Amino acid sequence: MKNPTSQNSLLFPSVSIKSLSHYFGKGTNKRRILDSISMKIYPGEVVILTGPSGCGKTTLLTLIGALRKVQSGDLNVLGTELQGSRRRERQKLRCQIGMIFQGHNLLAFLTSEQNVQMGSDLLNGYSYSERRAQARQCLRDVGLEDELNKLPHDLSGGQKQRVAIARALAARPQLLLADEPTAALDSSTGREVVNLLKKLSKEKACAVLMVTHDPRILDVADRVLKMEDGRINPAI
Amino acid sequence: MNFGWIDKRRIPLAWLLLTRQPFRLFVALAGICFAGILMFMQLGFRDGLFDASITVHKLFDADLVLISPRSKSSISMAGFPRRRLVQVMAHEDVVGITPVNWNFLLWRNPKTLSTRSILALGFEPNDRLFTDSNLSRKAKTLTQYGRVLFDERSRKEFGPIAKWFREGKRIETELAGKRIRVTGLISLGPSFGADGNLITSRETYLDLMPNNPPGSIEIGLIRLKVGANPYMVRQILSRSLPKDVKVLTLKDFLEFEKNYWRSSTSIGFIFSLGAAMGFVVGCVIVYQILYSDVSDHLPEYATLIAMGYKLKNLFGVVAREGFLLAVMGYLPAYAAGQGLYALVRSSTNLPVAMNASRALFVFFMILFMCMISALLAMRRLVDADPAEIF
């Protein structure tokens, strides 16, 4: 397998981080979570971020996902500079980023079709029926075309996570962030979900950053980054 | 035609939030409905009581009414010269007049012999008094001296007059210390001021009240030609008549009486306060429901923000929830209001009925209540932090 980094090095990176640091707390309680991190993720790349609990993986993910304000360092996501960004810029950027959460976070009162359409509803300039068609297509892509009208609590864990993937992809993101997507799943279902995630992101030329503890799925990654005490150690 | 909004619509989150939690929806609607019914009842009673003050007034067959400017309400009517009413005939649009005497006299209950004051109306039996044509037939008996028509809906403290009359008994009793005989029954109804009513001829009336100057009346009814504008005629008449009379349209006359009870008694305040209580209770219930609904779905709202939805979109969801609750809660409240009004009417004789302005007023109060509560519940949304859900 070719090194995707060198292959894509001429492309504009999806995520570009330069000496990014982040702190929690104030005064004497101030704690450093991220310690001048630098890295790049290129379009179509699947990057896995791994490391022990509390090493700052999730904080990094929320920073890239434009869910937190950047404190120090440079963070450029899909062409938007997040250092000193406005709320409105972050909200617009979030529309282009698909997110998959540990606990699927589906809306309990919506059917799977409606949940996925919450993703495609973010697309501008499409009619209602086009957005619904998009939602159905995404559910078909994850193999759930028969579960359109089920509420989340009628679905199995793997099905829920697949609906969450469909929802994340329905907004046609250029970057997909996944936080422990297999944590609530057994190993074979977890494997299926991750394979699906990889296949769809490759088809749609979407960069993927996945945070995981799960050593069994490291092999789907083009690149594995190991994090410890707020620093990234290149591994593998 | 532009169907843009159909294409722009999104998943109806507010509607689904409400309908997929039927128990919560039911509690919210029950609360709103309760508040609405309370407001309907209190305001209905208030208006009903004011309407009850004009049970006799609104029966008058008149377009314009002359009263003395010293008259403050039906329980304190002052007299004015009858000439003024005759002068009115000079106007070409006036086709008929009826001088009416109006005062409270002591009635002796023929059974218990105790006395109580009753509203007595005196008029010329050949004149038109009420719009109800039944009266003119019965009024013929009044041409004889000392005869009265008794209001069968008067309170029972005046004696079992209607019952005795129907049994064919000859009813003679004392009115203002003189003997009179009841020769017929009419149906008017008690009002705030008067517990009972009776009608007699002016001749009998003047005999019962010897101190009343014969040329003095309390109310002058004026009937106009069909198609005449009562407001214009009223203006002309009040300009040409001396200041010892006041010209009112029939509507103003009713308003004059209602206004007395509205402004000089505490009835309006008490019932408005009751309605305000309903409003406050409704606010608290809707706020509780919406606040806990937002709190319960906070992670889901945070997820939506993480996906790229604006906080404004989420405020919109809560606002629409409030609006939907208002509409859905109002409909059963309206239906229940109608039902309870019918119940009150049949059991108390109080003229309580739904009218468009009250229906609208209560709707807007409910809408206001729901929107205020939604606005307060929105503050909770600010706590939806998408960084916390990972």
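None of these values were measured; they are calculated from a predicted model. Below, read A as the first sequence line, B as the second, and so on, with proteins coming before strands; counting in each chain starts at 1.
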Could you check whether A/E147 pairs with A/K150 (Lys NZ or Arg NE/NH1/NH2 to Asp/Glu carboxylate O, under 4.0 Å)?
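Salt bridge present between A/E147 and A/K150.
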
Between A/D229 and A/R32, does at least one N-O distance fall below 4.0 Å, as a salt bridge requires?
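Salt bridge absent between A/D229 and A/R32.
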
Residue among [options] with most heavy-atom pairs under 4.5 Å to chain B:
options                       : value
A/C95, A/G125, A/A168, A/S129 : A/C95
A/R167, A/E180, A/Q96         : A/R167
A/K92, A/R68, A/M118          : A/M118

Which answer fits [X], side chain, backbone, both or neither, if we ask what part of it has an atom under 4.5 Å from a heavy atom of chain A?
X      : result
B/L304 : side chain
B/L13  : both
B/Y309 : both

Chain B contact via [X] - side chain, backbone, both or neither, heavy atoms under 4.5 Å:
X      : answer
A/L151 : side chain
A/R90  : neither
A/R132 : neither

Quick one about B/T303 and A/N105 (side-chain donor to acceptor, distance below 3.5 Å, no hydrogens or angles considered), yes or no?
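Indeed, the side chains of A/N105 and B/T303 share at least one donor-acceptor pair under 3.5 Å.
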
So, do A/I64 and A/I17 sit near enough that their side-chain heavy atoms are less than 4.5 Å apart?
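Yes, close enough: below the 4.5 Å cut-off.
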
Side chain to side chain contact (heavy atoms under 4.5 Å, CB included) for A/L196 and A/L200? Distances and angles first, verdict last.
CA-CA 6 Å; A/L196 186 66; A/L200 294 174; 4.0 Å; yes

Counting only heavy atoms not in B/M277, do more than 12 fall under 6.0 Å of its CE?
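Counting other residues, nucleotides and ligands, CE of B/M277 stays at 12 neighbours or fewer.
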
Hey, can you pull the donor-acceptor pairs under 3.5 Å for the side chains in residues 318-336 of chain B, sequence neighbours left out?
from, atom 1, to, atom 2, distance (Å)
B/Y330, OH, B/A359, O, 2.7
B/Y334, OH, B/Q338, NE2, 3.2

